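These notes are about the structure you will find just below.
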Number of protein chains: 2
Amino acid sequence: MSDFARPNDSSRPDARPLYAQVESILNGRIAAGEWPPGFALPSEPELAQELGVSHGTVRKALDALERRHLIERRQGKGTFVARQTSERARFHFLPIRDLEGHQTEPTAVALSLDTVPAGEAASQVLQLAAGASTYRLRRLRSKEGTPFMLDETTMPAAVFPDFEVPLNGQLTDELYVMYQRRYGVTVVRSEEVLRAEGATPELAGILKIAEGTPLLVMERRTWDAAGRIVEWRSSWLDTTRHRYVNVME
Amino acid sequence: MSDFARPNDSSRPDARPLYAQVESILNGRIAAGEWPPGFALPSEPELAQELGVSHGTVRKALDALERRHLIERRQGKGTFVARQTSERARFHFLPIRDLEGHQTEPTAVALSLDTVPAGEAASQVLQLAAGASTYRLRRLRSKEGTPFMLDETTMPAAVFPDFEVPLNGQLTDELYVMYQRRYGVTVVRSEEVLRAEGATPELAGILKIAEGTPLLVMERRTWDAAGRIVEWRSSWLDTTRHRYVNVME
DNA sequence: AAGTGGTCTAGACCACCGT
DNA sequence: CGGTGGTCTAGACCACTTT
């Protein structure tokens with residue numbers, strides 16, 4: 001099958017480069033779950049033949065998918081659909097460090113999980129119909145018995161049907177690992193908006209700090225490999241013992 | 001000149017791939033100022049011949065330099081050493097947005113510029129000998145007459161000799177644009193550590209807010225293309241009308 | 001028309017992994 | 001040893017810009 005729109009094909013003059021089309025095709029197979037996490041892709045020569053393009057073009061597409069962390073390549077073994085690792089979920093998508101700059105290994109406890117109809121804000125952020133069903137999960141992270149961060153995550157029920165999580169016990173898996181393992185949803189992007197705000201009485205009680213203590217408030221939207229917004233999250237961080245780290249390059 | 005360490009050269013078995021060596025060579029010429037901002041690089045065939053490698057290898061090295069924003073390529077015209085644009089300085093390296101998410105176009109005023117010997121903290125962060133001379137610049141950014149962010153930047157005098165800036169007038173150029181235009185220092189990376197903190201009396205006075213108002217405090221280190229740390233900066237942001245935005249992917 | 005960067009191909013060889 | 005990904009080359013052709 002080599003029915004690509006060649007860039008030099010006069011009948012479709014605006015076609016994207018071949019390698020970009022190949023990237024989209026492979027991205028689609030991964031996002032659709034056709035190739036699940038851990039799956040071994042066909043070898044590069046096989047892909048080249050199947051798609052009717054050269055080895056070099058396949059490699060250029062795979063290079064891009066690798067940069068986006070959708071695949072992993074192991075020399076001598078093959079190319080695999082990337083699994084959402086706890087490492088990446090916790091360190092890349094949760095840029096919170098302790099005062100020494102080390103990645104913190106907190107305990108996370110689920111406080112509550114509710115099914116709620118999407119309000120105006122949630123339906124707009126998550127691009128849902130008003131009143132669509134969502135889950136709302138509240139988690140509290142602690143370090144050495146001291147709570148330091150609360151978050152409240154809202155997820156469309158349509159994306160995560162029958163979502164469940166043990167309450168009031170320590171959570172073993174990161175949320176993004178669950179998304180992928182249980183629902184085949186691979187997180188590829190988060191956009192976070194930060195501000196400083198004093199602790200409300202409720203937050204002060206949960207985080208065991210004085211009312212009005214300055215907190216770092218984060219509001220996050222998260223996209224999956226298919227380009228859908230799959231969660232909306234607010235977090236409140238007590239920055240007396242922790243920091244938020246951002247690298248720009 | 002093709003005296004590279006080939007990966008398959010038995011005398012230097014641990015050599016890096018050719019394209020990585022080419023990238024380092026070109027990066028070095030840019031970082032050393034041999035090829036200044038705006039300079040037109042030799043064409044790809046010329047580079048390939050000069051370095052004794054193939055077109056494809058040169059292109060792979062240039063691809064990497066382009067991703068790092070060190071060069072810009074214009075089809076039909078050539079490849080140029082990237083100028084630090086006000087755009088990039090203000091939007092990429094200053095991820096502050098207004099409440100609508102738009103990049104804000106603030107006015108910046110220099111409050112003070114002092115020459116100070118590096119204290120313990122500064123000399124450690126900037127990797128300087130204790131007591132080495134540094135400049136300390138304080139700037140205040142405002143939007144529609146209302147101040148919202150103060151920053152205090154410390155720079156090694158050895159990197160920026162005779163640094164000058166007009167005081168108490170509006171600054172026309174971003175700092176990173178000055179670094180490059182006046183000193184050939186190209187900023188490629190910043191690492192920022194964030195926390196929330198209440199406004200001190202001094203900050204409250206400068207930002208015209210109530211004492212104790214929660215502020216977003218940023219501490220930044222910045223690297224240039226040669227791998228040197230070229231500044232240390234602390235910033236205090238009033239988040240009532242502005243936000244800090246971070247994209248993870 | 002000539003020169004630039006951008007795409008695509010075909011093929012050789014290397015490095016690594018398993019049998 | 002054969003199969004995998006990784007590197008490197010040589011060359012053709014396209015798209016864009018300037019002369």
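In this text the structure is predicted, and so the values were computed from the model without any measurement. Protein chains get the first letters and strands the later ones, always in sequence-line order, with residue 1 at the start of each. Computed over heavy atoms, backbone and side chain alike; hydrogens, waters and symmetry mates excluded.
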Practice item. Under the salt bridge (Lys or Arg N to Asp or Glu O under 4.0 Å) rule, what do A/R220 and A/E191 come out as? Steps first, then yes or no, please. Key: CA-CA 6 Å; A/R220 165 185 296 209; A/E191 202 177 296; over 6 Å; no
In whole angstrom, what separates [X]'s [atom1] from [N]'s [atom2]?
X     : N      : atom1 : atom2 : answer
A/F39 : D/dT4  : CZ    : P     : 13 Å
A/L51 : C/dT9  : CG    : C1'   : 15 Å
A/E44 : C/dC8  : CD    : P     : 17 Å
B/H55 : C/dG5  : NE2   : P     : 7 Å
A/F80 : D/dG5  : CZ    : P     : 8 Å
A/L47 : D/dG6  : CG    : P     : 13 Å
A/E23 : C/dC8  : CD    : P     : 13 Å
B/K77 : D/dC16 : NZ    : C1'   : 11 Å

Review point. Counting only side-chain N and O atoms of A/R73, is one of them less than 4.0 Å from OP1 or OP2 of D/dG6?
Key: yes
Check your understanding: Does a side-chain N or O from B/S43 land closer than 4.0 Å to OP1 or OP2 of C/dG3, or not?
Key -> no
Point to revise | N-O pairing of B/E219 and B/R233 below 4.0 Å | key: no
Let's see if you can work this out: which of [options] has an atom nearest to the side-chain heavy atoms of [X]?
X     : options               : value
A/P17 : D/dG5, C/dG5, C/dC8   : C/dC8
B/V53 : D/dT9, D/dG6, C/dT9   : D/dT9
A/Q75 : D/dT7, D/dA10, C/dA15 : C/dA15
A/Y19 : D/dG5, D/dC8, C/dC8   : C/dC8

Please tabulate, for the side chains in residues 78-87 of chain B, all donor-acceptor contacts under 3.5 angstrom to protein atoms that are two or more places apart in sequence or on a different chain.
| residue | atom | partner | partner atom | Å |
| --- | --- | --- | --- | --- |
| B/Q84 | NE2 | B/V187 | O | 3.4 |
| B/T85 | OG1 | B/R88 | N | 3.0 |
| B/S86 | OG | B/R90 | NH2 | 2.6 |

Point to revise | Stretch residues 57-72 of chain A: residues that reach within less than 4.0 Å of DNA chain C through a heavy atom | key: A/T57, A/K60
Check your understanding: Which angle, to the nearest 10 degrees, lies between the helix axes at the two ends of the helix from C/dA1-D/dT18 to C/dG18-D/dC1, each defined by five pairs?
Key -> 0°
Practice item. Could you label the plane-to-plane angle of the B/H92 and B/H69 rings as parallel, tilted or perpendicular, counting under 30° as parallel and over 60° as perpendicular? Key: tilted
Practice item. Could you give me the CA-CA distance, side-chain angles and deciding distance for A/F160 and A/Y179, then say whether ring-ring contact (aromatic ring centres under 6.0 Å, His included) is met? Key: CA-CA 8 Å; A/F160 304 102; A/Y179 287 176; 4.3 Å; yes
Practice item. Using atom types as modelled and distance alone, determine if a side-chain donor or acceptor of A/R182 lies under 3.5 Å from a backbone N or O of A/V177. Key: no
Practice item. Look at the side chain of B/Q21 and the backbone N and O of B/R16, then say whether any donor-acceptor pair between them is shorter than 3.5 Å. Key: yes
Check your understanding: Do the side chains of B/R139 and B/L175 get nearer than 4.5 Å, heavy atoms only?
Key -> yes
Practice item. Compute the centroid of each ring, for A/F93 and then for A/Y176, and state whether the two points are separated by less than 6.0 Å. Key: yes
